[in-house]
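Shown next, in C-alpha cells, is the structure this report addresses.
No hydrogens, no waters, no symmetry mates; every other heavy atom, side chains included, goes into these values.
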Amino acid sequence: MMKRRRTGTASFILMASVLLPGLPAPTLARSGGDLESLFSSQERPEAAFHSRTIPTHAELGGADDSRDLAGFIPECGPAGTGKLPTRYAEEYSITLDGKTKLQAVLNVMKKYSSAERALADGYAPVDFYESGLGVAFARTDLLTDGRYDLGKPDLLFYVKERDRAVFRIAGAAFVAGSELPRNDFLITRKGTREIMRLWRPWEDICFKRRDGLLSYQDSEDGKTDCARGELIRKAWIMHVWLPLYNPKGLFTPRNPLVNYLDLTGQDFPFCRKRA
C-alpha cells in the first residue's frame, strides 16, 4: 500500500490476503457523515493528501502535451459510460474476453467515480497520498477475505482537489489470498508474445483505523507490532489503471499520470466527449 517516503514495490502498491478477522467496514456515521466533514475533522494537513513528485516527460509518455487528455481517459459512451482509453487499444493485443472483463471493471469505476458512493459502500480513505497512486480508499472486509472479485475492487485510487474534498477516480486494485491467482487477462504488447504480468506479492501488512481514516505499515518498515490493528501475512495484488491510462503499463503498480494531474490541477472528468 502506501508509504510517504518509500518508492519500493511493497507499499499499498501490494495488498493482502488475510490471517485475522477483518476490521469492520467504515460507515458514514463513523466517518463523520460525508467526505467534507471527514477531511476537515482529522489532524492530517492538506499537503499529506497530495503529490510532491514531479514526473518526467518520459514517465508521462507525452501526457503533459495533451490539454484534454485525449487518449488517456475513456471517450464518453451512452449514459456517461466509457470505452477503454484509446492508447491501450493502440499498444496492446487484448482478447475479446479480456476486453469484456476490462469493460466490466471500467463500469465499476464509473460507479465509484463518486467518492461519496465509495464511502457509503464501506471504503475508508488512507491517511496520506502515495506517489503514483494518489489517495486510496480501502475496504478492509474485502482485503481480508482471502479472495477477489472484479466487480468489487478492494482498493480505489483517487486524485483529490486541493483544499476541497472533491475526488477524481484514477484506478483500482484487487487483492487475492496467499496463493498466486489465475490470469484473468491474457494481454500482450503489440509486436511481442510476452503476456503482461498481473499479480505482485505483498507481506506483513498492518492496518489501523483513526478518526475514520486508515493508517498502514508493512514489512519494509521493519516493524512487527500490530497491536489493535489487522495483520495480513501474505497476499497478491493486481492494479488495473482504469479510467486513467498508465504509460508504464495497464497493470503496473504506479502511474506517473496520477502525480501529474494532482500537481497541475488539470480538469479530469471520468470520460471525454468527442470533439
Side-chain angles (χ1 to χ4, degrees), residues 1-2 8-23 25 84 88 91-109 111-112 118 121-123 126 130 132-134 136-157 169-189 192-207 214 216 218-220 230-246 248-255:
M1 179 168 142
M2 318 187 180
T9 58
S11 51
F12 206 23
I13 276 185
L14 310 163
M15 210 136 200
S17 82
V18 52
L19 300 189
L20 297 178
L23 292 170
L84 299 181
Y88 286 145
E91 294 179 9
Y92 301 120
S93 295
I94 308 175
T95 64
L96 179 60
D97 178 68
K99 289 179 180 177
T100 300
K101 289 179 178 178
L102 287 174
Q103 186 63 51
V105 172
L106 184 58
N107 292 343
V108 174
M109 296 297 95
K111 172 184 176 181
Y112 288 118
D121 282 0
Y123 290 89
V126 171
E130 179 78 355
L133 292 174
F137 283 50
R139 269 190 59 173
T140 52
D141 60 326
L142 297 180
L143 288 169
T144 57
D145 65 5
R147 56 191 175 86
Y148 73 99
D149 181 340
L150 292 179
K152 297 180 179 179
D154 298 74
L155 305 165
L156 301 166
F157 302 116
I169 194 161
F174 300 88
V175 177
S178 58
E179 299 296 324
L180 179 63
R182 68 182 183 276
N183 276 354
D184 279 285
F185 305 100
L186 300 179
I187 299 176
T188 61
R189 288 190 180 272
T192 74
R193 295 184 179 180
E194 183 179 357
I195 296 175
M196 297 189 69
R197 180 184 179 187
L198 306 182
W199 296 94
R200 291 170 172 79
W202 200 31
E203 298 179 345
D204 294 332
I205 310 101
C206 177
F207 290 99
L214 292 175
Y216 139 91
D218 71 6
S219 57
E220 284 195 358
E230 173 68 17
L231 178 64
I232 301 168
R233 290 293 186 189
K234 183 179 180 181
W236 294 86
I237 186 169
M238 173 177 65
H239 293 73
V240 181
W241 287 105
L242 292 170
L244 183 64
Y245 166 81
N246 185 351
K248 296 296 186 182
L250 175 56
F251 302 105
T252 303
R254 295 184 188 267
N255 185 347

Do other residues, nucleotides or ligands put more than 12 heavy atoms under 6.0 Å from Lys152 NZ?
no
Given side chains that start at C-beta, do those of Arg254 and Thr252 come closer than 4.5 Å, heavy atoms only?
no
Side-chain touch His239/Leu133, heavy atoms, less than 4.5 angstrom:
yes
About how many Å separate [atom2] of [Y] and [atom1] of [X], when rounded to the nearest 0.5 Å?
X: Asp145; Y: Asp141; atom1: CG; atom2: CG; result: 7.0 Å
X: Asp204; Y: Arg233; atom1: CG; atom2: CZ; result: 5.5 Å
X: Phe157; Y: Leu155; atom1: CZ; atom2: CG; result: 5.0 Å
X: Met238; Y: Arg197; atom1: CE; atom2: CZ; result: 13.0 Å
X: Ile94; Y: Leu250; atom1: CD1; atom2: CG; result: 6.5 Å
X: Leu102; Y: Leu242; atom1: CG; atom2: CG; result: 6.0 Å

Provide the closest heavy-atom pair for [X] versus [Y] in the form atom of the first, atom of the second, distance.
X: Arg189; Y: Tyr92; value: NH2-OH, 3.4 Å
X: Thr144; Y: Glu230; value: CG2-OE2, 3.7 Å
X: Met109; Y: Pro153; value: CE-CG, 3.6 Å
X: Trp241; Y: Tyr88; value: O-OH, 2.9 Å
X: Val108; Y: Leu150; value: CG2-O, 4.2 Å
X: Thr95; Y: Leu186; value: CG2-O, 3.8 Å

Parallel, tilted or perpendicular: which fits the ring planes of Tyr123 and Tyr112, with parallel below 30° and perpendicular above 60°?
perpendicular
Set of residues satisfying ring-ring contact (aromatic ring centres under 6.0 Å, His included) with respect to Tyr148, sequence neighbours excluded
Trp199
Could you list the residues that satisfy ring-ring contact (aromatic ring centres under 6.0 Å, His included) with Phe185, not counting sequence neighbours?
Phe251
Kindly say whether Lys248 contributes a backbone atom to a donor-acceptor pair with the side chain of Asn255 at under 3.5 angstrom?
no
Looking at Asp154 and Arg139, is any side-chain nitrogen of the basic one under 4.0 Å from a carboxylate oxygen of the acidic one?
no
